[in-house]
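To keep things clear, I will list the structure first and then write my remarks on it.
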Protein chains: 2
Amino acid sequence: MQELNDTEQKIVDAAAKVFLKKGIDGARTQTIADLAGINKALLHYYFRTKEKLFDIVAERVIRNAMNQVLGNISVEQDFEQWLQNFVHNYLAIVSGNPMIPRFMLWEVEAGGGRIAHIVKDILKMDKMDDNPLFKIVNRAIEDKQIRPIDPVQFIISLIAVCVAPFVARPILEKVIPDLKVNSKEFIANREKAILDLFLYGLKIQHCGAEDNALREKLSGSWLLW
Amino acid sequence: MQELNDTEQKIVDAAAKVFLKKGIDGARTQTIADLAGINKALLHYYFRTKEKLFDIVAERVIRNAMNQVLGNISVEQDFEQWLQNFVHNYLAIVSGNPMIPRFMLWEVEAGGGRIAHIVKDILKMDKMDDNPLFKIVNRAIEDKQIRPIDPVQFIISLIAVCVAPFVARPILEKVIPDLKVNSKEFIANREKAILDLFLYGLKIQHCGAEDNALREKLSGSWLLW
DNA sequence: GTCTATAACCGGATAGAC
DNA sequence: GTCTATCCGGTTATAGAC
């Protein structure tokens, strides 16, 4: 990934903000230039066209996000422990960068293949066996730590429940007036809800002695606020 | 909601296709006119501006989608049965209209309040108690059919896992080459995976006699393909 | 490298014939 | 109501001074 000088960096940073919110079509080079504290001419001097700037920004943003996520996947042997780590880290990352998944979902479809091939480039993993997530799930199944689930379905669900509140934030906060998705409280509750869902489901289990303790553990918090 | 004559309907239908894919900024009135089999002048004759056309289209699309979803919420007394119905219907609706959630998520943020107020208008439910989803979850908790979960967290997760594969389809199918999100098989597997997740979680339960039968029931399908 | 001024272009909107 | 031709504003991109 190309090193950038100071001015280029300012432009790319400003462009990232604008592109992530407005997309390539809604973004104005004037807005980017203003935000970067330079003028349009300089933007073109460095990046030639808006589209080339977009490609560079998009690639850096997506690659950076993916590195963060992949770099945070631990190799815990215990699946429950691993899941706790993953959810905790993933929520932290996505709550800090809520615009990135939304941007990708939009531009991959709207941009007629421009983003698509960037994503493809970055995910040079045609062999899904290479994906650490799959490895971890498969190992947990082999070790009988979890029941034999479809890893694809599991991973889709896991990512979905982590990303959803932040991608849908504007809608959620409109539907539920006093919800603050970015608050420490909500994120903590979210983390707990996700872990409980994946580890125990919704049912009240009738499994003997530990049941009451478990039910106690699963009940508490939300009733308080 | 205003009745439309034939020509207006053609324009609105065409506009919906284009707006849903490209957004208001990426959409070209020329594209819409071509798709509708008319010319730009006629589009302006009926709808005055691109923005007014967008507002009308967005409201109709979103209102229609919401009616579909809300109209499909049954009032089963048994929570498990209700969940089965909801997931089945919701997957059918969203797989048939995959662009709508993506469009909403994008435009609510990008459009500086234009869509936001449409959504607000449609969801004239400041009192969340009125939301049938909340009623159903709360009743299931009272009846001890499920453990006492946070309804907000549950609903976010439920919607998320249903919507995710279709919103993320382009990315998913790039990451997992031979995945066909719109295939009957995938949707059926998805439905099963969601229900199993919510009803049982991932753990291998050690709950006595019915356990083996349950494990059998939960294991099967995905290993086959 | 950075700026101001301007060109070139694109796309939404309108005029006016039919 | 529907069309063709045209306008005009906004936005990207370039020229050229410094």
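This structure is a prediction, so every number in the text was calculated from the model and none was measured. Each chain gets a letter, A, B and so on, in the order the sequences are listed, and its residues count up from 1.
- Residues meeting the ring-ring contact (aromatic ring centres under 6.0 Å, His included) test with B:Phe47, sequence neighbours left out: none.
- In this structure, B:Lys22 atom NZ and C:dG11 atom P are separated by 11 Å, rounded to whole Å.
- In terms of the ring-ring contact (aromatic ring centres under 6.0 Å, His included) criterion, B:Tyr46 has no residue partners (sequence neighbours excluded).
- Side-chain N/O atoms of B:Arg169 and B:Ser95 include no donor and acceptor closer than 3.5 Å.
- Rounded to whole Å, atom C1' of D:dG10 lies 15 Å from atom CG of A:Asp25.
- Remark: B:Thr7 in residues 7-16 of chain B come within less than 4.0 Å of DNA chain D through at least one heavy atom.
- The distance between atom CG of B:Asp6 and atom P of D:dT2, rounded to the nearest whole Å, is 9 Å.
- Within the 4.5 Å cutoff, no side-chain heavy atoms of B:Trp82 are placed close to those of B:Val75.
- Enclosure of atom CG in A:Asn5 by more than 12 non-hydrogen atoms of other residues, nucleotides or ligands within 6.0 angstrom is indicated.
- Rounded to whole Å, atom P of C:dT14 lies 17 Å from atom OH of B:Tyr46.
- Here C:dT2 presents its P atom at 9 Å from CG of A:Asn39, a figure rounded to the nearest Å.
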Query raised in the report: Taking it one step at a time, do B:Tyr200 and A:Tyr200 satisfy ring-ring contact (aromatic ring centres under 6.0 Å, His included)?
Result: CA-CA 6 Å; B:Tyr200 308 110; A:Tyr200 308 110; over 10 Å; no
Check nucleotides 12-15 of chain D against the protein and report each pair of N or O atoms closer than 3.5 Å, with its distance, or say if there are none.
{"residue": "D:dT12", "atom": "OP1", "partner": "A:Ala27", "partner atom": "O", "Å": "3.4"}
{"residue": "D:dT12", "atom": "OP1", "partner": "A:Thr29", "partner atom": "N", "Å": "3.3"}
{"residue": "D:dT12", "atom": "OP1", "partner": "A:Lys50", "partner atom": "NZ", "Å": "3.3"}
{"residue": "D:dT12", "atom": "OP2", "partner": "A:Thr29", "partner atom": "N", "Å": "3.3"}
{"residue": "D:dT12", "atom": "OP2", "partner": "A:Thr29", "partner atom": "OG1", "Å": "2.6"}
{"residue": "D:dA13", "atom": "OP2", "partner": "A:His44", "partner atom": "NE2", "Å": "3.0"}
{"residue": "D:dA13", "atom": "OP2", "partner": "A:Lys50", "partner atom": "N", "Å": "2.8"}

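- Regarding B:Asp34, its CG atom lies at a distance of 11 Å from the P atom of D:dT4, rounded to whole Å.
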Donor-acceptor pairs under 3.5 Å, side chain of residues 105-116 of chain A to any protein atom, not counting sequence neighbours: which ones?
{"residue": "A:Glu107", "atom": "OE2", "partner": "A:Ile24", "partner atom": "N", "Å": "3.0"}
{"residue": "A:Arg114", "atom": "NH2", "partner": "A:Glu51", "partner atom": "OE1", "Å": "2.9"}
{"residue": "A:Arg114", "atom": "NH2", "partner": "A:Glu51", "partner atom": "OE2", "Å": "2.9"}

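- For the pair A:Leu42 CG and C:dT2 P, the interatomic distance rounds to 5 Å; values are reported in whole Å.
- Under the ring-ring contact (aromatic ring centres under 6.0 Å, His included) criterion, B:Phe103 pairs with B:Phe54, not counting sequence neighbours.
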